[in-house]
Engineer: 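I'd like to ask you about the structure that follows.
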Amino acid sequence: MKRIPMEVLKNKRILLGVTGSIAIYKSLELVRLLRKADAQVKVMMTKSARELVSPLTFETLSQNPVCSELFAPKTEWEVEHISLARWAELFIIAPATANIIGKLAHGIADDALTTIYLAYRGDVFIAPAMNTAMYEKPVVQRNLEQLIQQGVRVIEPELGELACGEEGKGRLVEPAKILEIITTHFSRALSLKGKKVLVTAGPTREFIDDVRFISNPSSGRMGIAIAEEASRRGTEVILVLGPTLIPPPKEPGITVIPVVSAEEMSSAVESHIKSSHIAVFAAAVADYRPVTKSTGKLKKGKDSMELRLEPTPDIALRCSQSKTPEQIFIGFAAEVGDNIPEAQRKLREKKFDLILLNDISLPETGFASQTNKITLIHSDNKIEHWEKMTKKEIATKLMDAIQLLLDKKSKLK
Ligand code: C5P
């Protein structure tokens, strides 16, 4: 990522949740840094946080009243946690204890901080801080996993000396690093304004008769995450989505076109491809369909049965035939094994600028999982091996890569 100027944070409305970890002294510094960058900061404290630091300290640093009680006596008619939820452009909890992580993961709302989490619709970051044994406890890891699934971004703690004297993972990330993460987050917002992005996602169904079909377990999660990230960056998104159980995104910038078969997906794509600056082909399109579809329900018999199949349209290949030099096309290659030459072949055949190769034989990668391990291959054969990460994180990194490609293309003009 390029170095981002601090002005990005000017007047940004940041809500900081503070919980009762000894690392709380670092959040005082975080407030100071945010104020120095001209962000507006409001702090919420849990009861145990107040045992460690007086709210007055946070009030003085943030120059705003601290909210800590759900039913605090006040003169205004507004419900404070709801108005704070509406006010904030970003909600960050640092430090986040095992206790708050457990509560948020399970929707418990027994104080102001946990209640606002439920009332808040925007982006949430949490920065855990605790003893290593606590951090590694499976229940804590499961709760973190749950929060990631809910869309929370976790700023992983660092290795180092802990307040308890032990060495290990659990140390709150330094305030300067948290500030950098927040700055990067805001700089990405609206950075692709004016661009149109077409995304295909999910599986397709190719019907044999009225009730049976050929398909695959694709959840559509990867493509949906890409559509959401593209929308966050200010683009107009067309999401052509095959049948999936995951609720489609509701952002106003995303138009969802639900489709069932490869043929339907192809015609939806065809009507938008020309006007799109970026196309991401993340759908797991069925490669074959029955030559004929029977009506009703085929009867079971004793004899073996033959099903004649024909290839479905290769949507990305079709689009590649009219691709303009300004357009950016991204493809996926789900392979058994780390088959880079095969992914490179697909990249060249379909004129992709980038292809994301994932080895579906690895555990917790591919079709229906939350995470993926990607090898990113560029059209100039540059190869990047990414760590295993969530599909949301992959979407963020992919949009960063697309942004760099767009910058390069505009410089070449
Ligand atoms: O050749 P293969 O199916 O592995 O290529 C994968 C890439 O091509 C993916 O990006 C996928 O979305 C796209 N594709 C497509 N239409 C098809 C098959 C694949 O757009 N019928």
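Quantities reported herein were computed from a predicted structural model and do not represent experimental measurements. Both counts, for ligands and for their atoms, begin at 1 and track the order of listing.
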Engineer: Restricting to pairs with a member in residues 306-351, which pass ring-ring contact (aromatic ring centres under 6.0 Å, His included), not counting sequence neighbours?
Structural biologist: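 As it turns out, the ring-ring contact (aromatic ring centres under 6.0 Å, His included) pairs with a partner in residues 306-351, which skip direct neighbours, are F281-F329.
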
Engineer: Going by ring-ring contact (aromatic ring centres under 6.0 Å, His included), name the residues that satisfy it together with Y120, two or more places apart in sequence or in a different chain.
Structural biologist: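 Counting only residues at least two positions away or on another chain, Y120 forms a ring-ring contact (aromatic ring centres under 6.0 Å, His included) with F91.
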
Engineer: Salt bridge check, K293 against D209: does any charged N sit closer than 4.0 Å to a carboxylate O?
Structural biologist: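 The answer is no: the pair does not qualify as a salt bridge.
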
Engineer: Does the pair R142/E145 count as a salt bridge with the N-to-O cut at 4.0 Å?
Structural biologist: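 Here R142 does not pair with E145 in a salt bridge, since their nearest N and O are not under 4.0 Å apart.
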
Engineer: Report the residue from D110, T97, T114 that forms a side-chain hydrogen bond (donor to acceptor under 3.5 Å, both in side chains) with K103.
Structural biologist: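 Filter result, single survivor: D110.
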
Engineer: Could you list each N/O atom of ligand 1 together with any protein N/O atom closer than 3.5 Å, one pair per line with the distance?
Structural biologist:
from: ligand 1; atom 1: 1 (O); to: K350; atom 2: NZ; distance (Å): 3.2
from: ligand 1; atom 1: 4 (O); to: K346; atom 2: NZ; distance (Å): 2.5
from: ligand 1; atom 1: 5 (O); to: K350; atom 2: NZ; distance (Å): 3.0
from: ligand 1; atom 1: 8 (O); to: K350; atom 2: NZ; distance (Å): 3.0
from: ligand 1; atom 1: 10 (O); to: F281; atom 2: O; distance (Å): 2.6
from: ligand 1; atom 1: 10 (O); to: F332; atom 2: N; distance (Å): 2.9
from: ligand 1; atom 1: 10 (O); to: F332; atom 2: O; distance (Å): 3.4
from: ligand 1; atom 1: 12 (O); to: F281; atom 2: O; distance (Å): 3.0
from: ligand 1; atom 1: 12 (O); to: A283; atom 2: O; distance (Å): 2.8
from: ligand 1; atom 1: 16 (N); to: I315; atom 2: N; distance (Å): 3.0
from: ligand 1; atom 1: 20 (O); to: A316; atom 2: N; distance (Å): 2.9
from: ligand 1; atom 1: 21 (N); to: P313; atom 2: O; distance (Å): 2.8

Engineer: Go through the structure and list residues passing ring-ring contact (aromatic ring centres under 6.0 Å, His included) with F58, not counting sequence neighbours.
Structural biologist: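 Result, ring-ring contact (aromatic ring centres under 6.0 Å, His included) vs F58: none returned.
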
